[in-house]
Amino acid sequence: MKDVKSPSVVGAGAGFIDDIVLPDGQTYMGQLGGGTIHALMGAVIWEERPGLSAFIGNDLPDHIRVRLQSHLDIRGLVTLDFPQMRAWQVFEHDGTRTEIHRVQVVAPYVAGTRPKNLPDAYRSAKAYYLLQDYDGVRQWRAAVDGLTLWEPNALVMLPEHRADFRAALRDCPVDMVSPNLEEARVIYGYLKPDGLVEAMLADGAKAVALRMGAAGSIVADANGEWHHINAVVVPDMNDQTG
């Protein structure tokens with residue numbers, strides 16, 4: 001049997017199915033989702049075939065698996081003995097999104113995979129995208145050698161976890177941390193975007209990618225290099241999820 005090349009980029013998290021409701025009542029049901037999958041599909045644009053380390057349910061639809069396999073290396077999928085994670089994504093006119101879980105068992109999907117779930121073929125990757133909570137990012141940072149990009153799980157970006165976020169930047173410095181604007185303000189208060197980036201760098205981040213939706217993103221590192229990256233203008237957007 002011919003060996004399959006190991007991926008250079010690996011994402012760790014979970015597979016979601018999104019049922020999307022737009023402000024005008026339009027729905028898009030059964031959409032492939034999850035932040036890890038969205039990020040890896042972005043890497044596909046640069047002719048990568050990323051590895052997906054993710055929890056999926058025991059009833060994942062066949063067409064979803066086929067779609068994943070057409071773009072990603074899925075040797076890292078881990079099937080749980082629970083129904084597939086599924087959630088309503090309800091949008092308001094101002095862009096606010098409310099996520100409502102549609103299954104009873106959500107904890108393993110929210111936590112995402114850990115290093116113990118990683119197949120051997122993924123352990124020599126050059127880079128890891130980590131959609132993780134504070135315990136998860138510490139485990140991954142201690143277990144892998146490649147470049148690490150941490151997107152903090154939105155469910156732990158809460159006022160009561162301010163110290164946890166800052167301690168993670170200090171104690172297990174990933175190569176890049178990437179919260180969105182609202183999440184960063186929960187931790188540091190209502191600062192201007194530049195101030196939020198400076199605060200994360202001061203707390204120990206090697207580099208920051210602050211995601212600001214339609215305003216683009218700021219990417220900066222501890223050496224003083226800063227870039228503002230504009231968002232791509234999409235004239236007729238049907239759905240902003242992911």
Side-chain angles (χ1 to χ4, degrees), residues 4 6-20 29-44 48-89 97 99-125 127-144 146 148-157 161 168 172 174 178-179 183 241-242:
V4 179
S6 296
S8 59
V9 178
V10 167
F16 275 54
I17 293 179
D18 290 331
D19 296 320
I20 298 164
M29 303 293 287
Q31 301 298 304
L32 176 59
T36 303
I37 292 172
H38 290 153
L40 294 185
M41 288 298 188
V44 170
E48 293 285 350
R49 187 174 177 81
L52 176 60
S53 171
F55 289 134
I56 58 171
N58 56 15
D59 58 349
L60 184 76
D62 289 341
H63 74 277
I64 294 291
R65 184 183 291 272
V66 169
R67 187 175 182 190
L68 288 171
Q69 192 166 18
S70 67
H71 298 290
L72 307 174
D73 182 320
I74 62 170
R75 287 175 288 173
L77 290 183
V78 179
T79 303
L80 301 175
D81 193 22
F82 300 113
Q84 170 60 38
M85 182 63 184
R86 190 162 187 148
W88 291 108
Q89 306 291 345
R97 175 173 64 95
E99 181 176 80
I100 304 170
H101 298 146
R102 299 192 63 188
V103 295
Q104 290 186 335
V105 178
V106 302
Y109 299 105
V110 170
T113 51
R114 295 296 199 248
K116 65 182 182 181
N117 305 118
L118 205 63
D120 289 342
Y122 288 8
R123 294 186 180 274
S124 59
Y128 295 86
Y129 167 87
L130 309 173
L131 180 54
Q132 297 283 314
D133 60 17
Y134 305 115
D135 179 62
V137 73
R138 289 174 183 274
Q139 289 189 34
W140 279 101
R141 192 67 188 90
V144 297
T148 50
L149 185 151
W150 176 35
E151 179 180 339
N153 190 312
L155 295 179
V156 301
M157 295 294 276
H161 290 303
C172 59
V174 292
S178 183
E183 292 163 353
T241 311

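This is a predicted model, so every value here is computed, not measured.
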Pair up each side-chain donor or acceptor in residues 101-109 with any protein partner under 3.5 Å, not counting sequence neighbours, and list the distances.
from, atom 1, to, atom 2, distance (Å)
His101, NE2, Glu99, OE1, 3.2
Arg102, NH1, Asp19, OD2, 2.6
Tyr109, OH, Pro83, O, 2.7

Only pairs under 3.5 Å count here: list side-chain donor-acceptor contacts from residues 52-69, not counting sequence neighbours, and write none if there are none.
from, atom 1, to, atom 2, distance (Å)
Ser53, OG, Thr113, OG1, 2.9
Asn58, ND2, Asp81, OD1, 3.4
Asp59, OD1, Gln84, N, 2.6

Verdict with supporting geometry, Phe16 and Ile37, side-chain contact (heavy atoms from CB on, under 4.5 Å): CA-CA 9 Å; Phe16 275 54; Ile37 292 172; over 6 Å; no

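Rounding to the nearest 0.5 angstrom, the gap separating the OG1 atom in Thr36 from the CD atom in Glu151 is 7.5 Å. Rounding to the nearest 0.5 Å places CG of Leu131 at 10.5 Å from OG of Ser178. Rounded to the nearest 0.5 Å, atoms CZ (Arg49) and CG (Leu72) are 7.0 Å apart. The CZ atom of Arg97 sits 7.5 Å away from the CG atom of Asp18 when rounded to the nearest 0.5 Å.
Test Pro119, Pro50, Pro7 against Asp73 for side-chain contact (heavy atoms from CB on, under 4.5 Å) and you get one pass: Pro7.
Among residues at least two apart or in separate chains, salt bridge (charged side-chain N to carboxylate O under 4.0 Å, His left out) pairs with a member in residues 135-144 are Arg114-Asp135, Arg138-Asp171.
Taking all atoms of both residues into account, the shortest heavy-atom contact from Met157 to Pro152 is SD-CB, 3.6 Å. Gln31 and Ile20 get closest at one heavy-atom pair: CG-CD1, 3.9 Å. Taking every heavy atom of both residues into account, Ala125 and Val10 meet most closely at CB-CG2, 3.7 Å.
The closest donor-acceptor contact from the side chain of Gln139 to the backbone of Val137 lies at 3.5 Å or more, if one exists at all. Between the side chain of Arg75 and the main chain of Asp120, no donor-acceptor pair closer than 3.5 Å is present.
Under the side-chain hydrogen bond (donor to acceptor under 3.5 Å, both in side chains) criterion, Tyr128 pairs with no residue at all, not counting sequence neighbours. Under the side-chain hydrogen bond (donor to acceptor under 3.5 Å, both in side chains) criterion, Thr79 pairs with no residue, sequence neighbours left out.
The shortest side-chain heavy-atom distance between Tyr129 and Val9 does not fall under the 4.5 Å cut-off.
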